[in-house]
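Let me begin by presenting the structure, written as structure tokens, before commenting on it.
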Amino acid sequence: MGNVTGFMEYERVEEGYQPVPQRVKNYHEFVIGLREEEAKVQTARCMDCGTPFCNSGCPVNNIIPDFNDLVYRADWKNAFHVLDSTNNFPEFTGRICPAPCEAACVLNVNDDPVGIKSIEHAIIDRAWAAGWVVPRPPKVSTGKSVAVVGSGPAGLAAAQQLARAGHRVTVFEKNDRIGGLLRYGIPDFKMEKSHIDRRIAQMEAEGVRFRTGVLVASMPDGSRVANWATEQIAADELLAAFDAVVLSGGAEQSRDLPVPGRDLDGVHFAMEFLPQQNKINAGDKVERQLRADGKHVIVIGGGDTGSDCVGTSNRHGAKSVTQFELLPMPPEHEYKPLVWPYWPTKLRTSSSHEEGCEREFAIATKEFIGGEGDQKGQVKALKSVRVEWQGGKMVEVAGSEQILPAELVLLAMGFVSPVGSILDAFGVAKDARGNAQASTEAVGGYRTNVDKVFVAGDMRRGQSLVVWAIREGRQAARAIDEYLMGETILPV
Ligand SMILES: Cc1cc2nc3c(=O)[nH]c(=O)nc-3n(C[C@H](O)[C@H](O)[C@H](O)COP(=O)(O)OP(=O)(O)OC[C@H]3O[C@@H](n4cnc5c(N)ncnc54)[C@H](O)[C@@H]3O)c2cc1C
Ligand code: SF4
């Protein structure tokens, strides 16, 4: 523990943001990481708790008190080694994790938590700049081969762990670039894509083979899920060619809103809108880009994806941006004695909200209304109604209907399940929500009902977080290593 009284002496230090007028002009990251002195002050607040709740609150169980202490002592290289021992991609989580570790921090009981995420961010950025993040190819090859289907954080973490254990790993991705939602979904202003490219180069040097544009199994007809595959490979072919398969295809099926007018032009899934901007930022041409410029935009869904639509619409130059949430507005502050160390429900205002957005709570959409004349077929307005929650049931408030101008409507109401066809092609059993069924037990976990077939990430747990996907990828890799070798050298 660097400074025994630090938690009484210092306030929490926040990372800086570029001012709104500057940052909305482009799609670059705008968070200003901690300077060395600030990081030291931040780590001085850590109490090195005997029972570090931060560590169990973190899905990858980062050894937070240890790296805090090392940063306090300016031993950044060892701080990096501690961080790297539990998290394959801290530069992703250091940027976009909501930081459940901070909610669990013991200081959060009656004070502001240690800014763990900002310390993680500082350590990993320094490690990359100093050249400490290097490929770690295996010394011995096992001669076993593993196919990873899907290149999001779950697939990438699994692939890296398996390659380091000496297996021959091939990652199959239906889209044209590696990264899953990190690449096509999460906006560049939250995480620039060069972070993924650096990791791909590291993993290639560790022996991982990446095959983009390859759809494993099939996509249902008329699916609106992004699929830029130019090749297809059948489940049977994969099973014959590899000793084990990890399905990490995410939970890509967006939740729809089948109200009158849903088919109008201008009403789209968030996941039709956001990836287009990622592509354009990568230098690609996109035919018929969905643009928000000069439009009244309504984003339906109050979560992270909705917030990313808000930030992107403001960068396009929307006339107005309104975000709808069905649930009532949560309290501004949580009642800590009741919720700590768990993730609290409270009003969360993202950096995108700060850039300009009307937030409406307890509101439902009844209808999308089209234009007339040459605007026929194009959404022009939205009919909403206020709702109340009575005994867990949603009830419309009589007489509260309202018509709002809406020229672009983005549906960001979450994801219902993985695309079922890939699971069906492998014969993998599903749970009641349509996710692939597998437990997370230390022994025998992540295995499906089909021999050789494992599953990890959103495809197993349903829509979740990057940090959970990394955890599942790591743990599935361990389970596969054990399955292939009879024992495993990979960490829990
Ligand atoms: C807009 C948006 C913003 C988000 N923001 C955050 C955030 O700020 N912080 C956070 O922690 N989480 C965030 N999330 C959630 C997070 O991105 C996901 O939980 C995480 O990416 C899941 O990882 P995964 O590897 O399981 O799947 P995914 O990232 O979904 O990757 C799955 C990959 O599999 C590929 N695939 C699927 N089927 C096939 C097939 N048959 N053949 C070949 N390839 C296939 C897909 O193309 C995709 O690339 C966000 C999600 C969205 C949609
Ligand atoms: S819970 Fe908070 S104060 Fe305690 S060890 Fe973890 S980061 Fe430090």
Side-chain angles (χ1 to χ4, degrees), residues 1 6-7 43 45-59 64-66 68-69 92-93 95-99 101-102 104-109 111 113-116 119 148-158 171-175 177-187 190-191 211-219 225-229 232-233 235 247-252 254 270-271 273-275 303-309 312 341 350 412 414-415 418-419 421-423 425 455-470 472-473:
M1 178 179 187
F7 68 98
T43 54
R45 297 186 70 236
C46 175
M47 303 184 290
D48 195 6
C49 304
T51 305
F53 279 79
C54 56
N55 169 261
S56 42
C58 168
I64 293 159
D66 290 25
N68 281 346
D69 183 54
F92 304 163
T93 45
R95 286 176 166 75
I96 56 174
C97 190
C101 56
E102 294 188 13
C105 173
V106 175
L107 258 191
N108 193 36
V109 173
D111 197 350
V114 174
I116 301 164
I119 297 165
V148 176
V149 182
S151 69
L156 291 179
V171 178
F172 294 88
E173 169 55 58
K174 66 176 156 58
N175 289 338
R177 289 185 177 89
I178 294 296
L181 291 173
L182 295 166
R183 174 79 68 180
Y184 290 126
I186 294 175
K190 269 169 59 179
M191 195 188 98
R211 289 191 57 192
T212 52
V214 184
L215 173 70
V216 174
S218 60
M219 269 285 169
V225 171
N227 173 21
W228 300 314
Q232 215 166 334
I233 184 164
L247 301 178
S248 47
E252 296 191 286
S254 297
M271 286 306 293
F273 176 69
L274 294 171
D304 265 356
T305 304
S307 163
D308 292 345
C309 291
T312 304
S350 71
F415 299 84
V419 176
S421 48
I422 179 177
L423 300 179
V455 64
D458 283 7
M459 191 157 241
R460 194 202 65 78
R461 61 184 294 121
Q463 73 165 106
S464 185
L465 294 175
V466 168
V467 69
W468 278 107
I470 296 174
E472 296 221 345

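Note that ligands are numbered from 1 as they come in the structure, with each ligand's atoms numbered from 1 the same way.
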Provide the number and element of each atom of ligand 2 under 4.0 Å from a heavy atom of V106. 1 (S), 2 (Fe)
Any idea which part of E472 is under 4.0 Å from ligand 1, heavy-atom wise: side chain, backbone, both or neither? neither
What about V466: any of its N or O atoms under 3.5 Å from an N or O on ligand 1? yes
Assess M219 for proximity to ligand 1: is some non-hydrogen atom of it under 4.0 Å away? no
Tell me, do I64 and P52 make a side-chain contact under 4.5 Å, heavy atoms counted? no
For K190, which part has a heavy atom under 4.0 Å from ligand 1: side chain, backbone, both, or neither? side chain
Less than 3.5 Å between some nitrogen or oxygen of Q463 and one of ligand 1, yes or no? no
Answer yes or no for C46: is there an N/O/S atom below the 2.8 Å cut-off from atom 4 (Fe) of ligand 2? no
Any idea which of I96, V148, T212 brings a heavy atom closest to atom 9 (N) of ligand 1? I96
At a 4.0 Å cut-off, with the gap strictly under it, does some heavy atom of S151 reach an atom of ligand 1? yes
For atom 3 (C) of ligand 1, tell me which residue out of D308, T305, T93, V419 has the closest non-hydrogen atom. D308
What is the closest protein heavy atom to atom 4 (Fe) of ligand 2, and at what distance does it sit? C49 SG, 2.3 Å
Candidates L181, V149, L215; heavy atom nearest atom 29 (O) of ligand 1 found on L181
Heavy atom of the protein closest to atom 3 (S) of ligand 2 (residue, atom name, distance): M47 N, 3.3 Å
How does A469 reach ligand 1, if at all, at less than 4.0 Å between non-hydrogen atoms: by side chain, backbone, both, or neither? side chain
Give the numbers and elements of all ligand 2 atoms closer than 4.0 Å to a heavy atom of P65. 5 (S)
Please state which option from S218, G250, P59, A99 has its nearest heavy atom closest to atom 27 (O) of ligand 1. G250
Nearest protein heavy atom with distance in Å, relative to atom 2 (Fe) of ligand 2: C105 SG, 2.4 Å
With heavy atoms only and a cut-off of under 4.0 Å, state how V216 meets ligand 1: side chain, backbone, both or neither. both
Would M459 count as a polar contact of ligand 1, with the cut-off being nitrogen or oxygen pairs under 3.5 Å? no
Taking the non-hydrogen atoms of L156, is any one of them nearer than 4.0 angstrom to ligand 1? no
Hey, is ligand 1 close enough to P153 that some N/O pair sits below 3.5 Å? yes
Keeping E173 on the side-chain end and S151 on the backbone end, is there a donor-acceptor pair under 3.5 Å? yes
Applying a heavy-atom cut-off of 4.0 Å, say which part of L182 lies close to ligand 1: side chain, backbone, both or neither. neither
So, do D111 and R45 sit near enough that their side-chain heavy atoms are less than 4.5 Å apart? yes
Looking at ligand 1, does F415 have a heavy atom less than 4.0 Å from it? yes
